[in-house]
There are 2 protein chains.
Amino acid sequence: MPANLASALITKLAVSNHLDGEDIRAIQSLRIRERHLGAREIIVADGVRPGECCLIVEGFAFRSKTTANGERQVLSLHIPGDIPDLQSLHLGIMDHDLVSLSPCTLGFISHAELTEVTARHPHLAAALWRETLIDGSIFREWIVNVGRRAALQRMAHLLIEVHERLEAIGRTRGGEFSLPITQIDLGDCLGLSVVHTNRTLQVLRGERLVETDKSGFNLLDKERLKELAGFDRTYLHLTPSG
Amino acid sequence: MPANLASALITKLAVSNHLDGEDIRAIQSLRIRERHLGAREIIVADGVRPGECCLIVEGFAFRSKTTANGERQVLSLHIPGDIPDLQSLHLGIMDHDLVSLSPCTLGFISHAELTEVTARHPHLAAALWRETLIDGSIFREWIVNVGRRAALQRMAHLLIEVHERLEAIGRTRGGEFSLPITQIDLGDCLGLSVVHTNRTLQVLRGERLVETDKSGFNLLDKERLKELAGFDRTYLHLTPSG
DNA sequence: CGGCACTTTTAACTTGGATCAATGCGTTCG
DNA sequence: CGAACGCATTGATCCAAGTTAAAAGTGCCG
């Protein structure tokens, strides 16, 4: 199997888990089907019962839900090494959409294969369980974000979160990181209208806290952003012990 | 061990999982330490590393987070049979508070005991994993709720959710259910101020959709409420297959 | 019984963010 | 190349929900 597909997963899991040689060999032996997608394609749709899980090897994806009256809310952003639909292994039916944000390289792993490898490697199973729990922890912080923070704090919090997560897998250069997201989608992450998303970004730019271009962000003063957002990284569980 | 402690867990797990005789015996053999708490007591605090998990046997609890500038957001409501801090088994450090909403009977199970029983009973381990995944699914719906629904829809959605969950464990009488929550805490669930929470409840009462007293709610027209809220129960995963 | 503490309710006023509408701008594509 | 589309930006207006303050209700405890 191509080492590069599995290595995204290994790098990501190693952020929050102790992996031993056996775990790594087990991951490397997984049969992973490679697939390439353009931006804004539905990877797995709400309501379906997938037979495989999707590993993000390169690029970005998001999960989202659309309400009865057509409003969309983004639930999470996903980076290389994430398996955003890992829950489908045990929940069966998808209760939301999984969509590519940018052009992506994806690796699909069948449920059967995952079930078998986790049965044989309880330690790896625990690492995957832990990943879904960290997912849950990030969901909780997003509830706080949309529920109790004002637009400016909310935006700052999200940008710091993504920076921290990308930094942990070695995909930042100082405050810079790639995230080719439109203001429309950013607004849907934050529960804001596009217009207000734009105005909020302008305040962050005006304060010399953030620079943006269409491919990503540059956090110019992360300390001040953290203070503004009231950011506490505990919820990201970025060490194997926490 | 007292059968009544374990039976809350068995009833709850059976809602979303197939349990066989062996699973049930394994649950019944758990050493569960009983404890009684009054209302509004912190069960597990943000930042600590618990050595045990907390099963709700009787009563209600909630998880919450407080932002840097003192605003509180409730993250989830928990009912008998829930283990709201099951994630502490794998995440170690608590990233939020767990608090009793009403006077509660709780059952504490040590991490060591849980680790051992899940190692010996993979099927039970899967059931518990599934419970944490359903938790995650509910978190996602709460993100949508606070991010994209107006106050009235938001309130209706929450009340239906709690009703559905309580109905699944046999704790409703028609549209009625016990949930002794103040409007302050209800507002913190919904990301609303107390004043607006009160106004919103009054609209639901005025429309003859909901009756309230201090111990609970009565949903007078659940169909109309569901339509108002745009409620789709898929996310609750209330059957072992979905 | 009477007073303190907390919750619910009402009213008046303010505001953050939504909505509506238009313009500019960069890409893609016929 | 020019049209068309999607995204970013700006300005004007509106409104849902927040804030503040105070009154009214509900225990609970001494």
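In this text the structure is predicted, and so the values were computed from the model without any measurement.
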Please confirm whether the backbone N or O of B:Leu209 pairs with a side-chain atom of B:Asp221, one donor and one acceptor, at under 3.5 Å?
no
Under 4.0 Å between a Lys/Arg side-chain N and an Asp/Glu carboxylate O for B:Glu167 and B:Arg233?
no
Please test A:Arg140 against B:Gln87 for side-chain hydrogen bond (donor to acceptor under 3.5 Å, both in side chains), starting from the C-alpha separation and ending with a verdict.
CA-CA 12 Å; A:Arg140 288 192 289 273; B:Gln87 90 286 339; 4.9 Å; no
Decide yes or no on side-chain contact (heavy atoms from CB on, under 4.5 Å) for B:Phe108 and B:Ile32, but give the supporting numbers first.
CA-CA 5 Å; B:Phe108 286 89; B:Ile32 306 178; over 6 Å; no
Taking protein heavy atoms under 4.0 Å as touching, what does nucleotides 18-30 of chain D look like 5' to 3' if B marks base contact, S marks sugar-phosphate-only contact and - marks none?
BBB------S---
A:Gln183 has an atom CD; how far is it from atom P of C:dC25, in whole Å?
15 Å
In whole angstrom, give the distance that lies between atom CG of A:Leu152 and atom C1' of C:dG17.
13 Å
Are B:Leu106 and B:Ile56 side-chain neighbours, meaning at least one heavy-atom pair lies under 4.5 Å?
yes
Quick one: do A:Asp82 and A:Arg63 make a salt bridge, cutoff under 4.0 Å?
no
Whole-Å distance separating the CD1 atom of A:Ile184 from the C1' atom of C:dA18:
16 Å
Given A:His163 and A:Phe217, is the side-chain contact (heavy atoms from CB on, under 4.5 Å) satisfied, shown in steps?
CA-CA 9 Å; A:His163 184 272; A:Phe217 295 82; over 6 Å; no
Whole angstrom value for the distance that separates P of C:dG17 from CD of A:Gln153
9 Å
Could you give the CG-to-P distance, from B:Asp185 to C:dT8, as a whole number of Å?
9 Å
Rounding to 10°, can you tell me the angle the first-five-pair axis of the helix from C:dC1-D:dG30 to C:dG30-D:dC1 makes with its last-five-pair axis?
30°
More than 12 heavy atoms of other residues, nucleotides or ligands under 6.0 Å from CD of B:Glu227: yes or no?
no
Please lay out, stage by stage, how B:Leu219 and B:Phe177 fare under the test side-chain contact (heavy atoms from CB on, under 4.5 Å).
CA-CA 8 Å; B:Leu219 309 189; B:Phe177 60 94; 3.9 Å; yes
If you apply the rule side-chain contact (heavy atoms from CB on, under 4.5 Å), what do you find for A:Tyr235 with A:Ile138, and how did you get there?
CA-CA 7 Å; A:Tyr235 78 99; A:Ile138 297 174; 4.2 Å; yes
Between atom CZ in B:Arg40 and atom C1' in C:dC6, what is the gap in whole Å?
10 Å
What is the distance, to the nearest angstrom, from the CD1 atom on A:Ile181 to the P atom on D:dG6?
18 Å
Return no unless some side-chain N or O of A:Asn198 is found under 4.0 Å from OP1 or OP2 of D:dT9.
yes
Taking only heavy atoms on the protein side, list every residue of residues 202-210 of chain B lying under 4.0 Å from any atom of DNA chain C, sorted numerically.
B:Gln202, B:Arg205
Heavy-atom side-chain contact between A:Leu228 and A:Leu204 under 4.5 Å
yes
